[in-house]
Amino acid sequence: MKKDFAKVLITKEEIAAKVKEVAARITEDYKGESVLFVCILKGSVHFYSDLTREIDLPLTMDFMSISSYGAGTTSSGEVKMLKDLDKTINGKHVIIVEDIIDSGNTLSYLKRLLSSRQPASIKICTLLDKPSRRKVDLTPDYCCFTIPDEFVVGYGLDYDELYRNEKEIYVLDPAVYSE
Ligand code: PRP
């Protein structure tokens, strides 16, 4: 175990198996359609890359960058758009791909924003869900893992921009963020 981590929460094998399973469900649900996958930078980058490569549908990709204000281990509830989509989504089937839903503020804002652009449909696919932290009513359509209220890093998730390149998902040692 590397020194900054308290424990492994989800191994790379568990991630790969679950990503395949969710991708197969999406492929089945959208049979005969093409789908626009929206990557919410930066945390979902590895999940997005692995998920889309397991999808057997005609798909297009676009990227958005969103930031919830505030540093540290919790989001503040305010959402700021750093980069919008390149193309219009009018009439398209859209799946928003996120790494984690915590309070739900970010995805609730994003879903409202993208819904106002008249897509054919809009769904949410998240790698991780922490339902115990929810502040708004929001349920993902596809979720790989429901996790307890612990601060996790790795496989795209960061603390202070670090650990995104780790292959497994770890619980961060609280000593790291209480320093
Ligand atoms: C994280 C995550 C979600 C959001 C979830 O993004 O990727 O977008 O927080 O929290 P919420 O449900 O409480 O809104 P972050 O702002 O840390 O950016 P990052 O993906 O670039 O790390």
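As the structure lists them, so they are numbered: ligands from 1, and atoms in each ligand from 1. Keep in mind it's a predicted model, so treat the numbers as computed, not measured. Values reported hereafter were calculated over all heavy atoms of this structure, with side chains retained and with hydrogens, waters and symmetry mates removed.
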What part of [X], side chain, backbone, both or neither, has a heavy atom within less than 4.0 angstrom of ligand 1?
X	result
R133	neither
E161	neither
T106	both
D158	side chain

Checking the N or O distance criterion of under 3.5 Å, is ligand 1 in contact with [X]?
X	value
G104	yes
S103	yes
I100	no

Open item on the list: Applying the side-chain hydrogen bond (donor to acceptor under 3.5 Å, both in side chains) criterion to D102, which one of R133, K135, R134 satisfies it?
Closed with: R133

Below 4.0 angstrom from a heavy atom of [X], which ligand 1 atoms are there? Numbered from 1 as shown, please.
X	value
L41	20 (O), 21 (O)
D99	2 (C), 7 (O)
G43	19 (P), 20 (O), 21 (O)
E98	2 (C), 3 (C), 7 (O), 8 (O)

Task: Cationic N near anionic O, under 4.0 Å, E21 to K18 - done: yes

Open item on the list: Which residue in the set V171, L172, D173 passes side-chain contact (heavy atoms from CB on, under 4.5 Å) when paired with F5?
Closed with: L172

Task: Check against side-chain contact (heavy atoms from CB on, under 4.5 Å), R164 and L157 - done: CA-CA 5 Å; R164 293 193 197 273; L157 292 117; over 6 Å; no

Open item on the list: Are I10 and V152 packed together at the side-chain level, in the sense that at least one heavy-atom pair is separated by less than 4.5 angstrom?
Closed with: no

TODO: Return the minimal non-hydrogen interatomic distance between F47 and Y155, and the atom names on each side.
DONE: CA-OH, 3.6 Å

Task: Same cluster (ILVMFWY, side-chain, under 4.5 Å), I100 and I169 - done: yes

Task: Side-chain H-bond candidate by donor/acceptor type, D4 with Y159, under 3.5 Å - done: no

